[in-house]
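Reading through the structure tokens given below for one structure.
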Amino acid sequence: WISLAGANMTLLPLMLAGDKFALSAAEIGGCFAVQSLIFVLGAAPSAALADRVGPRNVIAPGLAISASAMMAFPLAQDMPQALAVLCVWAAGGTFLGSAPTASVANLVPPASRAPALALMRTVGDLGLFAGATTVGGLAAVHGSDVAMQGTSVFLFASAGAFLVRTRLR
């Protein structure tokens, strides 16, 4: 959620409106609509994959795919490249839709699911707050490209830590 709020909700609109792409508000909305369409179309297949291989087995790849796209976005030279990267970013994000929730639901007994999911939601909301604040501040000091790629490194580290943690269990 830190990366979502920081990179997608804070930096991405600024970068799309900035000098490199100079998109209008409607065009930026179109970019987000494309990402949303991928989320909608990818939700069922990614959930089915998570059911087939286990939700914990799709989280790290989803994080890595999203992180790769975040790393690549500042390198996009034109809108076709930027849209391709945004599509990859959204595709990675589809794995992060239901898999974390299913994973938490699988880890706790039925009587504890509601509190566990509420805690997950609260932590997510704190991540949205922290991400927007931290990444926005980083962009103000070092620029949006550095902030986006720094967020990508954080997401890669999260994917690696999650992968190591799940493999050690």
Open item on the list: With a 4.5 Å cut-off on side-chain heavy-atom distances among I, L, V, M, F, W and Y, is there a chain of contacts connecting Met148 to Ile28?
Closed with: yes
Open item on the list: Let me confirm one number: the CG-CG distance from Leu63 to Leu96, rounded to the nearest 0.5 Å.
Closed with: 5.0 Å
Open item on the list: So does Ala43 get a backbone contact from the side chain of Ser46, meaning a donor-acceptor N/O pair under 3.5 Å?
Closed with: yes
Task: Closest contact, heavy atoms only, Thr10 versus Gly136 - done: CG2-CA, 4.1 Å
Open item on the list: With clusters defined by side-chain heavy atoms of hydrophobic residues (ILVMFWY) lying less than 4.5 Å apart, directly or transitively, does Leu12 cluster with Leu128?
Closed with: no
Open item on the list: Taking side-chain hydrogen bond (donor to acceptor under 3.5 Å, both in side chains) as the cut-off, I'd like each qualifying pair that reaches into residues 15-26, sequence neighbours left out, listed once.
Closed with: Ser24-Glu27
Open item on the list: Measuring from atom CG of Leu126 to atom CZ of Arg121, what distance do you get when rounded to the nearest 0.5 angstrom?
Closed with: 11.0 Å
- [ ] Taking side chain to side chain contact (heavy atoms under 4.5 Å, CB included) as the test, write out the residues that go with Leu49, two or more places apart.
- [x] Arg52, Val53, Val58, Phe95
Open item on the list: Which heavy atom of Ala147 sits nearest to which heavy atom of Val135, and what is that distance?
Closed with: CB-O, 4.0 Å
- [ ] Check the hydrophobic clustering (I, L, V, M, F, W, Y; side-chain heavy atoms under 4.5 Å; chains of links allowed) and say if Leu23 and Leu86 are grouped together.
- [x] yes
Task: Heavy-atom closest pair, residues Leu11 and Ala139 - done: CD2-CB, 3.5 Å
Task: With Pro55 via side chain to side chain contact (heavy atoms under 4.5 Å, CB included) - residues at least two apart - done: Ala50, Ala99, Ala102, Ser103, Asn106
- [ ] Measure across Val34 and Cys87 and return the closest heavy-atom pair with its distance rounded to 0.1 Å.
- [x] CG1-SG, 3.9 Å
Task: Between CZ on residue Phe154 and OG1 on residue Thr134, distance to nearest 0.5 Å - done: 9.0 Å
Open item on the list: Rounded to the nearest 0.5 Å, what separates atom CG in Leu107 from atom OG in Ser112?
Closed with: 11.5 Å
Open item on the list: Quick check for you: to the nearest 0.5 Å, what is the distance between Thr166 atom OG1 and Asn57 atom CG?
Closed with: 7.0 Å
TODO: Treating Ile, Leu, Val, Met, Phe, Trp and Tyr as nodes and any side-chain heavy-atom pair under 4.5 angstrom as an edge, say whether Ile65 and Ile59 lie in one connected cluster.
DONE: no
Using atom types as modelled, flag every donor-acceptor pair under 3.5 Å from a side chain in residues 70-84 to any protein atom, sequence neighbours excluded.
from: Gln77; atom 1: NE2; to: Leu75; atom 2: O; distance (Å): 3.0
from: Asp78; atom 1: OD1; to: Gln81; atom 2: N; distance (Å): 3.0
from: Gln81; atom 1: OE1; to: Gln77; atom 2: N; distance (Å): 2.6

Task: Side-chain donor/acceptor of Ser144 to backbone N/O of Met15, under 3.5 Å - done: no
Task: side chain to side chain contact (heavy atoms under 4.5 Å, CB included) partners for Ala47, two or more places apart - done: Ser98
TODO: Check the hydrophobic clustering (I, L, V, M, F, W, Y; side-chain heavy atoms under 4.5 Å; chains of links allowed) and say if Trp89 and Phe21 are grouped together.
DONE: yes
- [ ] Under the side chain to side chain contact (heavy atoms under 4.5 Å, CB included) rule, collect the residues that match up with Phe129, sequence neighbours excluded.
- [x] Thr133
TODO: Might you point out which heavy atoms bring Ala111 and Pro115 nearest each other, and give the distance in Å?
DONE: O-CD, 4.2 Å
Task: Non-hydrogen atoms of Phe156 and Ser68 that approach each other most closely - done: CZ-OG, 3.4 Å
Open item on the list: Working to the nearest 0.5 angstrom, can you tell me the gap between Arg56 CZ and Arg165 CZ?
Closed with: 7.5 Å
